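Since the structure comes first, as structure tokens, the remarks are kept for the end.
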Amino acid sequence: MIKLPKLVVIAAIAVGSFAYTAPASADDQLAVSVCEYIAADDKNRLRSKLKSSRVKIRNIYDAVFCNGNNLLRHAVASNAVDAGEYIVKNLSKSSLEDGADIAWAEANHAGSALIPIIKDRAGL
């Protein structure tokens with residue numbers, strides 16, 4: 001016969017294994033926050049979040065996607081001029097030189113105020 005303490009331990013382990021859910025990783029939380037701040041055109045909170053996470057825009061630019069778009073395209077689609085300008089200024093010129101983001105913006109959001117900012121930074 002199983003004694004009561006063993007039964008309690010077995011029951012606790014069984015319940016704990018079913019109730020456990022994996023926590024969201026810090027990278028996922030950072031990406032969600034960055035996307036939300038860009039969509040809200042909140043440059044100050046975006047800067048603060050990146051600084052507190054010790055991350056630079058140019059280091060996460062190729063890895064983080066918001067609604068299927070990179071950070072700059074998300075800013076253009078969200079009409080987030082301040083946040084978009086912050087992103088453009090913190091990217092290297094070489095990452096904008098290919099003109100893919102400009103072509104996408106002109107095709108999908110021709111009236112965006114970010115297009116001249118991107119062109120100026122890219123030297124196009």
Side-chain angles (χ1 to χ4, degrees):
M1 179 171 242
I2 298 177
K3 294 185 179 182
L4 187 62
K6 284 185 179 180
L7 184 61
V8 170
V9 170
I10 293 171
I13 291 172
V15 169
S17 65
F18 291 117
Y20 177 75
T21 57
S25 71
D27 293 338
D28 293 341
Q29 291 174 356
L30 174 64
V32 169
S33 295
V34 166
C35 291
E36 287 175 354
Y37 297 150
I38 291 171
D41 197 15
D42 195 343
K43 178 182 88 170
N44 292 330
R45 289 181 76 188
L46 175 63
R47 283 183 61 231
S48 177
K49 183 65 175 178
L50 293 170
K51 188 173 182 175
S52 68
S53 300
R54 297 181 179 167
V55 176
K56 294 183 180 183
I57 285 280
R58 62 178 60 194
N59 294 341
I60 63 168
Y61 182 71
D62 294 328
V64 175
F65 290 90
C66 307
N67 298 330
N69 294 322
N70 65 28
L71 299 178
L72 186 55
R73 291 181 184 188
H74 184 59
V76 171
S78 301
N79 199 26
V81 179
D82 291 338
E85 186 174 359
Y86 174 76
I87 293 167
V88 169
K89 287 181 178 181
N90 286 286
L91 289 176
S92 64
K93 289 182 181 182
S94 62
S95 64
L96 299 172
E97 286 177 342
D98 65 356
D101 291 324
I102 297 169
W104 179 89
E106 288 175 335
N108 296 304
H109 301 279
S112 175
L114 284 171
I115 294 173
I117 297 169
I118 300 168
K119 284 183 177 180
D120 185 50
R121 175 74 174 158
L124 300 174

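Predicted, not measured: the structure shown is a model, and the values here were computed from it.
- When side chains are defined from C-beta on, D98 does not count as touching L96, because their heavy atoms never get closer than 4.5 Å.
- Between the side chain of S33 and the backbone N or O of Q29, at least one donor-acceptor pair lies under 3.5 Å.
- In terms of heavy-atom proximity, L114 sits nearest to A80 at CD1-O, 3.7 Å.
- Rounded to the nearest 0.5 Å, atoms NZ (K43) and CD (E85) are 7.0 Å apart.
- Taking a cutoff of 4.0 Å between a charged side-chain nitrogen and a carboxylate oxygen, K93 and E97 do not qualify as a salt bridge.
- Heavy-atom minimum distance, I115 versus A110: CD1-O, 3.6 Å.
- When all heavy atoms are compared, the tightest approach of R73 to A100 is NH2-O, 3.4 Å.
- The CG atom of N70 lies 4.5 Å from the CG atom of D101; values are rounded to the nearest 0.5 Å.
- Distance CD1/I87 to OG/S95: 11.0 Å, rounded to 0.5 Å.
- The structure places CD1 of I57 at 10.0 Å from CG of L72, a figure rounded to the nearest 0.5 Å.
- Of all heavy-atom pairs between S92 and R58, the closest is N-NH2, 3.7 Å.
- Side-chain atoms of L71 and I60, non-hydrogen and from C-beta on, do get closer than 4.5 Å to each other.
- Between N90 and L50, the closest side-chain pair of non-hydrogen atoms is not below 4.5 Å.
- Between S53 and L30, the closest heavy-atom pair is OG-CD1, 3.5 Å.
- Two residues are said to be in side-chain contact when any heavy atoms from C-beta on lie closer than 4.5 Å; W104 and H109 meet this criterion.
- Between Y86 and the choices V81, I38, L46, L91, the side-chain contact (heavy atoms from CB on, under 4.5 Å) rule is met once, by L46.
- Between the side chain of D41 and the backbone N or O of D82, at least one donor-acceptor pair lies under 3.5 Å.
- Residues A75 and G84 approach most closely at CB-CA, 3.7 Å, considering heavy atoms.
- Within the model, atoms CG of D120 and NZ of K89 stand 10.0 Å from one another, a figure rounded to the nearest 0.5 Å.
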